[in-house]
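Below is one structure, written out as C-alpha cells; comments come after it.
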Amino acid sequence: MVLECAAQPLAGSGTAAAGVAPVQQQVSPATNSSGNTCELVYSRPGSSGSSGRTPVLQAAPRRPTAAPATVAGQPGADPRLVRLTQQLVARAGKPADMRVLLAGQSLEAADVRRLLTYLDRQGAADVALDAFHAMKALPQFDMDDPVLRTKLIKMHSRRPKDTAAALALYDEMVADGVAPDAVCYNITLGTAGLGHHWGRVLSILGDMQAAGVQWDAFTCSALLSACQACGQWEQALEWFRQAQAVPGLQLNVVHYTTLMSCLQKAGQWEQSMRVFKEMEGQGIVPDVVAHNAAIAACAKGGEWEKAWAVFLAMKQAGLRPSTVSYNALISACERCGQADRALEVFASMQRQQVAPNTVTYNTAISACAKAGLYARAQALHAEMQAAGVPDDVFTLTALITACERIGHWQGAEQHFLEFQQRGIQPNTVVFNRLISALGRGGQWEQALAAFHAMQQPGAEQQQRQPEGGRRAAGGGSGRASQECRADSSNSSSSSSSSSSNSSSSSSSSSSNSSSSGSKVDPPFPSSQPAAAAAAAAAAVAAPPRREASAAAPAPAGQKQRARRRGARGSSSDSDSDGPEPVVYPPSSTARPDRITYGSLIAALERGGQWERALAVFEDMLAQGIQPNGYIFTSLINACEKGGQWETAVKLFKAMQQQDIPLDSMAMVARKALYAFPSLIKNMPAPLLDAARATVDTGRAARQWIEKKRDDS
DNA sequence: ATAGGGTTAG
C-alpha cells in the first residue's frame, strides 16, 4: 500500500523487463562488449538475473527471433577473416596446427584486431590466445599494436578464473616493450580486481604512475571496483579522495555508487549512506542504481525503515524502481525478520508490473523461512516454477531453512533430494542447513550420513583421481569418506567400491589421526594419542541404524532414490524394520567448513552422542579448521549430558589455548558455571569475572522482563 | 579496448 502512494504514472506498460538490468558482472561470456549475444556458444540455462522473464504478466515472446548472429551473418564482415576465424576455431587446442595455418597468411594489425573480435564473438578466447602466440612467432605479423594487446587482455577479463591469463598477457606486453596506454591500464586494473589479485592491482597502478599516465574517470572506476572485489574499503576511500583532487577529473554517479557498494559489502553501511548523502550534496543526482546501493546499505544495517524511506524517495524523484530495487527492499525486510513487509513489497512489485527474478523469489522465500511460514515458502516456490523463473541453491537453502525452523526434517531431506535430482548441485551452505535441520529434528544418524555424502567425490569427480589423492593426504577427510563408503555398503549403496575400502578403512583412520596430531597443534590435549585415535575411529563409524537396512539390494542411482523417497513418504509402515534411511547421493562441490562441523557436532550433542561429537571434533582439527566458541559450547554440553566432566575440563583448557573471542569464552564459562562448578578453579580471574557478568546480565534481563510483565 | 546496484549460514 504505502509503497505505491507516491504518485507514479503507470510506467510504460509491458516493458517490465526493460528496467531490469541484469547485473552479473562477469556472468556469462554470452554477453559481449557490443551487446550481441553468442547464445549458441555459451548459453547457460541456470544463470539467473535473467531479465527477460516476465512471468506474471505477458506471455508474448520478446522479439521475433532474428537469425542467430553468427560472424558470417554480420554485415560488413570480411569473408577472408571469417573463414580464418572458423579455421582457427576448428584447430582449438592445437597451437601447432594454427601456426601451420597462419604461416601462409599475412595480416595488418587492423586485421588481426578484427580477427580477435570475431573470435571473441565466438566465445573463443582460448583460441585467440593460441593464435596470438602463433602469429607472434611468425615474422610477417606485427603484433606490437597496443590496442590489439589490450583487446586480447579484455577477452580474458570476463571470468575471474581467466584473469590470470589476462594478467600474464599484460606482463608479456610489458616484457615485449609494448607500452600500455591509459585504456590498457584501466582494463588491466579492472581485471586484476575482478580476479582478486590485490597485489597486482597495486603493482599495475605503480607501473601506470611510473609511466606518467594520468588517472581518468575509468581508472578511478576500475580502482574502486577492485577495492570492492578485494574488500579494501579503506583504500577505496583513500583513492576516492585522491581522485577528487585530480584536476579535470569529475567524479560521477558511477564512482559514488561503486564506493557505496564497496563500503556496504565490507560492513560499513553507515559510511555508505554518508557517501550517498555526500553525492547529493555535490549536486550529483542519484539514479536508480545509486538508490539501490543505498537501500542495500540500509538492509545490511538492519534498518528496514530507512531502506523503505530511500525506496519512497526514489519514487518521489520520479525514478522507477527496478527488480533490483525491490530485491534490495525485500532483503531489508527479510533481514529484519519482517516477513509480512517482505511479502507486501513482493505483492506491490507485481502490481507495479516489475518482473520478479530468481533473487526476488529466493529472498521472499527466505523471509518466510525465517518467520516459520513454511506453507507460504512452498507456495512461493511453486509460483516461481510455474512462472518459469529458475530456482537454484539459494532457493534450496531457504526451503531447508523453512523446514528447519518448524522442525520438519523430512521436508528438508525431500527438498534436498528433489533439487539434486533436477541437477542442482548442493553447495556447502546447503549441506550445512540440511545437517542442521536433521540435527534439530533429532536425526543425528542422518546428519552424519549427509556429512559423509558431502565428502564423497561426486560422479564427475570420481574420474579425476589426482584431486582425491591430494585430499586423502591431508588427513581426516579421507578417512571420513572411506568410512562412509564402508558403511554405505551396509545400507546398500555402491556395489563395487565397498569391498576394497572396508578393509582399508581401519588402518587409514589410525594413520590419518596420528599424522594430523603432528600437523596441527592439538588444542584438545589428547595426552594419549592412541586412545584418542581409537575413540575417533570408533565414533565416526557407521550409525547403527543403517545395518537394519542391509537387506535391501541396491543399484545406486536416481530411480532408486526416487523409489526410496516414495516409499518413505507414503507411510511409516515400510516393510519390516521401520523407515529406511535416505541415502544421500555423493556430492561433488561441497566441502565441510567450520559451520558444517559445528552443525554436525550440535546434532550429535542433541542425540547424546558425546563420543561421536568428540571424534568429529578431532576430524575437524585434522582438517585445519579452527574451533570457535559455539563448537566448544556444544562439546561441553555434550560432555555434560554424558557425565564426562573430566573431558569437559580438558575442553575448557583447550579452549583457553585457542584464539576464541572473549565473549564466546564468557558464554561457555557461563554455562560451565552452572554445569560444572568444579571448573571455577580452572578459570583465570578475568574470564571468571566475564562469566559472572554474563550471568548477571542474564539475571538483569530476566528481572527487566518480569517487571515489564507486571507493569502490563 | 574502458566503470556502478540485489540473495543464503549453527
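Throughout, a chain's letter reflects where its sequence line sits, starting with A, and its residues are numbered from 1. Only a predicted model underlies this, so the values are computations on that prediction, with no experimental measurement involved.
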>> Counting the atoms with a prime plus P, OP1 and OP2 as sugar-phosphate, which does A/Q264 contact under 4.0 Å by heavy atoms, base, sugar-phosphate, or nothing?
In response: sugar-phosphate

>> With a 4.0 Å limit, can you tell me whether A/K151 has a side-chain N or O closer than that to the phosphate oxygens OP1/OP2 of B/dA1?
In response: yes

>> How many whole angstroms separate atom CG of A/D216 from atom C1' of B/dA1?
In response: 13 Å

>> How close do A/V253 and A/P286 get, counting heavy atoms only, and between which atoms?
In response: CG2-CA, 4.2 Å

> Taking atom P of B/dA1 as reference, at what distance in whole Å does atom CG of A/L115 sit?
Replying inline: 14 Å

> A/L224 near the nucleic acid: base, sugar-phosphate alone, or nothing, with a heavy-atom cut-off under 4.0 Å?
Replying inline: nothing

>> Under 4.0 Å, heavy atoms only, any strand: does A/R335 hit a base, just the sugar-phosphate, or nothing?
In response: sugar-phosphate

>> Please report the distance, rounded to the nearest Å, between CD in A/Q626 and P in B/dG10.
In response: 21 Å

> So which nucleotide from B/dA9, B/dG4, B/dA1 ends up closest to the side chain of A/R433?
Replying inline: B/dA9

> Between B/dG6, B/dA1, B/dA9, which nucleotide has the shortest distance from any of its atoms to the side chain of A/A296?
Replying inline: B/dG6

> Heavy atoms under 4.0 Å, any strand shown: does A/A222 hit a base, just sugar-phosphate, or nothing?
Replying inline: nothing

>> Salt bridge or not between A/R158 and A/D120? Use side-chain N to carboxylate O under 4.0 Å.
In response: yes

>> Looking only at the side chain of A/F394 (C-beta and beyond, no hydrogens), which of the listed nucleotides B/dG6, B/dT8, B/dA1 gets closest?
In response: B/dT8

>> In whole Å, I'd like the distance from the CD1 atom of A/I435 to the P atom of B/dA9.
In response: 16 Å

> Within this structure, what is the CG-to-P distance between A/L329 and B/dT7, rounded to whole angstrom?
Replying inline: 12 Å

>> Between the base of B/dG6 and the side chain of A/N362, is there a donor and acceptor pair under 3.5 angstrom?
In response: no

> To the nearest angstrom, how far is A/K370 atom NZ from B/dG10 atom C1'?
Replying inline: 13 Å

>> Minimum heavy-atom separation for A/R433 and A/T401, please, with both atom names.
In response: NE-OG1, 3.6 Å

> In whole Å, what is the span from the CD atom of A/E404 to the C1' atom of B/dT8?
Replying inline: 12 Å

> Among B/dA3, B/dG6, B/dG10, which nucleotide sits nearest the side chain of A/Y630?
Replying inline: B/dG10

> Between the base of B/dG4 and the side chain of A/D287, is there a donor-acceptor distance below 3.5 Å?
Replying inline: yes

> Touch check for A/V253, heavy atoms < 4.0 angstrom, all strands: base, sugar-phosphate only, or nothing?
Replying inline: base

> What about A/T257, does its side chain sit under 3.5 Å from the base of B/dG4 through a donor-acceptor pair?
Replying inline: yes

>> Testing the basics here: between A/D391 and A/H381, what is the closest heavy-atom pair and its distance to 0.1 Å?
In response: OD2-NE2, 2.7 Å

> Rounded to whole angstroms, how far apart are CG on A/L152 and P on B/dT2?
Replying inline: 14 Å

> What nucleotide among B/dG4, B/dA1, B/dT8 has an atom nearest to a side-chain atom of A/E334?
Replying inline: B/dT8

>> Check A/E334 with A/R341, please: is the shortest side-chain N to carboxylate O separation under 4.0 Å?
In response: no

> What nucleic acid atoms does A/V288 come within less than 4.0 Å of, heavy atoms only: base, sugar-phosphate, or nothing?
Replying inline: base

> Counting side-chain heavy atoms from C-beta on, which of B/dA3, B/dT2, B/dG6 comes nearest to A/A328?
Replying inline: B/dG6

>> Please confirm whether the shortest side-chain N or O distance from A/K265 to OP1 or OP2 of B/dG6 is below 4.0 Å.
In response: yes

> Counting side-chain heavy atoms from C-beta on, which of B/dA1, B/dG6, B/dT8 comes nearest to A/V147?
Replying inline: B/dA1

> For the side chain of A/S331, counting heavy atoms from C-beta on, which of B/dT7, B/dA3, B/dG10 is nearest?
Replying inline: B/dT7

> Salt bridge or not for A/R274 and A/E280, using N-O below 4.0 Å?
Replying inline: no

>> So for atom CD, which belongs to A/Q242, do other residues, nucleotides or ligands contribute more than 12 heavy atoms lying within a distance under 6.0 Å?
In response: yes

> With respect to the side chain of A/T150, which nucleotide from B/dA9, B/dA1, B/dA3 is positioned closest?
Replying inline: B/dA1

